[in-house]
Every structure is written in structure tokens, then in C-alpha cells.
Chemist: 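The following block contains the structure, expressed as C-alpha cells.
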There are 2 protein chains.
Amino acid sequence: MSDTTQPRRSTRQQAAVANQLAQLPDFVSAQELHAQLRDEGESVGLATVYRALQAMTAEGQIDMLRTEDGEAIYRACSTTHHHHLVCRECGRAVEVEGPAVERWAEQVSAEHGFTDAHHVIEIVGTCADCRTV
Amino acid sequence: MSDTTQPRRSTRQQAAVANQLAQLPDFVSAQELHAQLRDEGESVGLATVYRALQAMTAEGQIDMLRTEDGEAIYRACSTTHHHHLVCRECGRAVEVEGPAVERWAEQVSAEHGFTDAHHVIEIVGTCADCRTV
DNA sequence: GGCCTAATGAGAATGATTGTCAAAATAGGC
DNA sequence: GCCTATTTTGACAATCATTCTCATTAGGCC
């Protein structure tokens, strides 16, 4: 049960989702993405959009995170490993890196006998713009 | 909308929620908290549990964050801050601390003008027991 | 005690997400 | 190009946390 990453079949629908996502600068929810595709005539079933997003997330091709109210949002992601600093008011997200943290995570995992470790870090705060309101 | 913190009326139910939360070392979902209260005979309506948790979160008395699958979980603020190292096979979780990471998170937030920042770190790996299977 | 108003609770409503399963599409061998 | 085994799709039902509704109950205060 290793990550034998068996490639999925390539279909019009999956391509449409990947394409749309690649052209969007910001995070979108599955629902929004589905609506956009429909508006562009590239109609894809809602369940299929969810499945495509799940698959791409599992394969690490896109980033997924949660809004303050629990909705999952997705975005095409640069190949570099990074984390997010999200504003709890406006949802604006900043990508941040932290080599020190990467090392810490590796070390902690190793100390406890864990292998093949991945980690997720989310920092939520109030950004300067929202604070001054 | 400053912290005019107009005090809510104090009721048995709110006290029960606050109390229960104060005695739990870790995050719990509203559903779990509701079940626990029921089991202890201190029955409180589910909607009321949600309302109490919302109010306490708004007043900054407790922390709220989201699990990977979007469920809201809550914890009394005073608990020692720590993170989790979770096995992807058996679900076993180890609590870990990392002062360096805490400092890093604070620093990154400040650099980008974010205030009042909280963070969540989850490390997922395969533990020694599950690897040897 | 009695009044005013906020808080409660039971259940309905909401809304994102996931499951179901027959029909359609893909990859590969011929 | 054609056929077949398998995967993927899509419409809709099902799930499940969370919120809403509204009649009833219970604080706070005189």
C-alpha cells in the first residue's frame, strides 16, 4: 500500500478541472469551480469535480485548505513546499517557507520512529488591513 | 465592535460547557462535548452547545480550529500548547512540543503584519509498529 | 413576587460533501 | 479500426455538521 500512484485515466473532465484551476490565481471552492466550468460550457458533474480535486490533492498537485467556516478551497500550487498564513477575516493567504520548521518536523518524526512523514502547518491571524477596520 | 464584551446571562448550560471544556486536555468537537455532557447527566441541548462554543470563541475564551475533514474542534485556551504526530495507518497520536516552531510562527506572522495569530501543525507519518507489518 | 428579555431545546432546514449505480468513455490488444 | 475489460462519469439520494425557528423557560432587576 505504498504510494504506487497509479495514474488515472485522462478524461475531458479531469483536464477541464486541472485547466481551470491552473488559470485561477486564488483559492476556489469545489462549488465555485463547478459553476465556472458550467458557465464556460465545459460542463462537468459536481461529484466529478469533487473527485478530481480529491485525486489531485492526494497526488500533491494542488493545495487544499479550509476557510474559517469549514469549506474546502483549492488552488494550483507551485512545486516548492510551503505553508500558509491566512487572515481569519478576509481569507487572504500568504505563502510562507520555513526551512527550520521542515527540519524540526523531520527530527520530531524520526525521534518517535515515524517514517515517510508529511506535515501541514497553518497559521491563522488577523491581517493588517482587517485590523484597522 | 470592540470588546465591549457584553456579558451573557449566566446559565447552568453555559457553565456546564465551560466546565467540561476546562477539564479536557485536548480539542473536542461540539458533538463530542454534547455527548459527554449527556453521559454525565448534565444534559444540554445540542444547539445550545453550539451557541455556547460560538460565544466563547467570539470572546476569545477558547480556541477553535478545523480538522482535516472540516469539523470544528474547540479547546480551552489555558491548556499547554502542543501539536500532534499522527500515524497514518493506526491513527496513534503522539503529542509533541516545539518552542522553535512557536517562535517561527510568531515571527512569520509579525513579518506579514498579522496579529493575534494561532497556528496548527500536524505531522502525519507511518509509525514503527505499522511499518514492520 | 413580577416583568422584560435573553437563553434554551426540539426539531426542521441548510448546505457542503460523499455514496450509489447504471451508462458512457478510455486504454490496449487484436 | 474494432472489441472488451475497467475506469470514470453524472444524476440523485444520503450523510452529517451546523444553523435556524419559535414556543417555552429562566436570569436580572425593580
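Labels below follow one simple rule: chain letters A, B, ... track the order of the sequence lines, proteins then strands, and each chain is numbered from 1.
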Chemist: Which nucleotide wins on minimum distance to the side chain of B:Tyr50, given the candidates C:dT17, D:dT19, D:dG10?
Modeler: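 Nearest nucleotide to the side chain: D:dT19.
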
Chemist: Counting side-chain heavy atoms from C-beta on, which of D:dG27, C:dT17, D:dT8 comes nearest to B:Ser10?
Modeler: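 So the side chain of B:Ser10 is nearest to D:dG27.
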
Chemist: For a quick test of reading the model: is some side-chain N or O of B:Thr48 closer than 4.0 Å to OP1 or OP2 of C:dG9?
Modeler: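 True: B:Thr48 side-chain N/O within range (under 4.0 Å) of C:dG9 OP1/OP2.
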
Chemist: Looking at A:Gln14, does any N or O in its side chain come under 4.0 Å of the phosphate oxygens OP1/OP2 on D:dT9?
Modeler: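 So the side chain of A:Gln14 is within the cut-off, an N or O lying under 4.0 Å from OP1 or OP2 of D:dT9.
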
Chemist: Whole Å only: how far is the CZ atom of A:Arg51 from the C1' atom of D:dC12?
Modeler: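 These atoms are roughly 12 Å apart.
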
Chemist: Given C:dT8, is OP1 or OP2 found less than 4.0 Å from the side-chain N or O atoms of B:Thr11?
Modeler: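 Checking B:Thr11 against C:dT8: at least one side-chain N or O falls below 4.0 Å of OP1 or OP2.
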
Chemist: As a test of reading the structure: which of C:dT17, C:dA7, D:dC20 is closest to the side chain of B:Ala47, going by heavy atoms?
Modeler: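 Closest of the options to the side chain of B:Ala47: D:dC20.
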
Chemist: Could you tell me the separation between the CD atom of B:Glu42 and the P atom of C:dG9, rounded to a whole number of Å?
Modeler: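 Whole-Å distance recorded here is 10 Å.
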
Chemist: Can you pull out how bent the helix from C:dG1-D:dC30 to C:dC30-D:dG1 is, comparing the axes over its first five and last five pairs, to 10°?
Modeler: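 Answer rounded to 10°: the end axes differ by 40°.
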
Chemist: Can you check side chain to side chain donor-acceptor pair (under 3.5 Å) on B:Gln107 and B:Glu111, steps first, answer last?
Modeler: CA-CA 6 Å; B:Gln107 184 191 322; B:Glu111 270 175 17; 3.2 Å; yes

Chemist: Please test B:Met56 against B:Arg8 for side-chain contact (heavy atoms from CB on, under 4.5 Å), starting from the C-alpha separation and ending with a verdict.
Modeler: CA-CA 10 Å; B:Met56 294 173 79; B:Arg8 298 168 262 136; 3.7 Å; yes

Chemist: Rounding to an integer number of Å, can you tell me how far A:Arg9 CZ sits from D:dT4 C1'?
Modeler: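 Nearest whole value for this atom pair: 11 Å.
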
Chemist: Could you walk me through whether B:Phe114 and A:Leu85 pass the side-chain contact (heavy atoms from CB on, under 4.5 Å) test, one step at a time?
Modeler: CA-CA 8 Å; B:Phe114 281 60; A:Leu85 175 56; 3.9 Å; yes

Chemist: Measure CD/B:Gln54 against C1'/D:dC20 and give the value in whole Å, please.
Modeler: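 That distance rounds to 11 Å.
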
Chemist: Rounded off to whole Å, could you give me the CG-to-P distance for the B:Leu46 and D:dC16 pair?
Modeler: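 Nearest whole value for this atom pair: 14 Å.
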
Chemist: Verify whether one side chain among B:Gln20 and B:Glu40 offers a donor that lies under 3.5 Å from an acceptor in the other.
Modeler: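 The answer is yes; a qualifying pair exists.
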
Chemist: Give a yes or no answer on whether the side chain of A:His34 reaches the backbone of A:Val44 with a donor-acceptor pair at less than 3.5 Å.
Modeler: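 Such a contact is found between A:His34 side chain and A:Val44 backbone.
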
Chemist: Could you check whether B:Tyr50 and B:Gln31, counting side-chain N and O atoms only, form a donor-acceptor pair closer than 3.5 Å?
Modeler: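 B:Gln31 vs B:Tyr50: donor-acceptor pair found between side chains.
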
Chemist: Below the 4.0 Å mark, does C:dG15 have OP1 or OP2 next to a side-chain nitrogen or oxygen of A:Ser29?
Modeler: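 No.
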
Chemist: Whole angstroms only, please: what is the CD-P distance between A:Glu71 and C:dT18?
Modeler: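 Going from A:Glu71 (CD) to C:dT18 (P), I get 12 Å.
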
Chemist: What is the distance, to the nearest angstrom, from the CZ atom on A:Arg66 to the P atom on D:dA17?
Modeler: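 The distance from CZ of A:Arg66 to P of D:dA17 comes to 13 Å, rounded to the nearest Å.
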
Chemist: Could you give the CG-to-P distance, from A:Leu37 to D:dT9, as a whole number of Å?
Modeler: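 Atom CG in A:Leu37 sits about 13 Å away from atom P in D:dT9.
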
Chemist: Base, sugar-phosphate alone, or nothing: which one does B:Gln31 contact when heavy atoms must sit under 4.0 Å apart?
Modeler: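 Result for B:Gln31 = base.
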
Chemist: Pairing donors with acceptors under 3.5 angstrom, does anything connect the side chains of B:Glu102 and B:His119?
Modeler: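 Yes, a side-chain donor-acceptor pair sits under 3.5 Å.
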
Chemist: Hey, would you say the A:Phe27 and A:His84 ring centroids sit under 6.0 Å apart?
Modeler: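 A:Phe27 vs A:His84: aromatic centres under 6.0 Å.
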
Chemist: If the cut-off is 4.0 Å, is A:Gln13 near the phosphate of D:dG10, judged by side-chain N/O to OP1 or OP2?
Modeler: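 True: A:Gln13 side-chain N/O within range (under 4.0 Å) of D:dG10 OP1/OP2.
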
Chemist: Heavy atoms only, 4.0 Å cut-off, all strands: where does A:Arg12 land among base, sugar-phosphate and nothing?
Modeler: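 A:Arg12: backbone/sugar contact only, no base atoms under 4.0 Å.
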
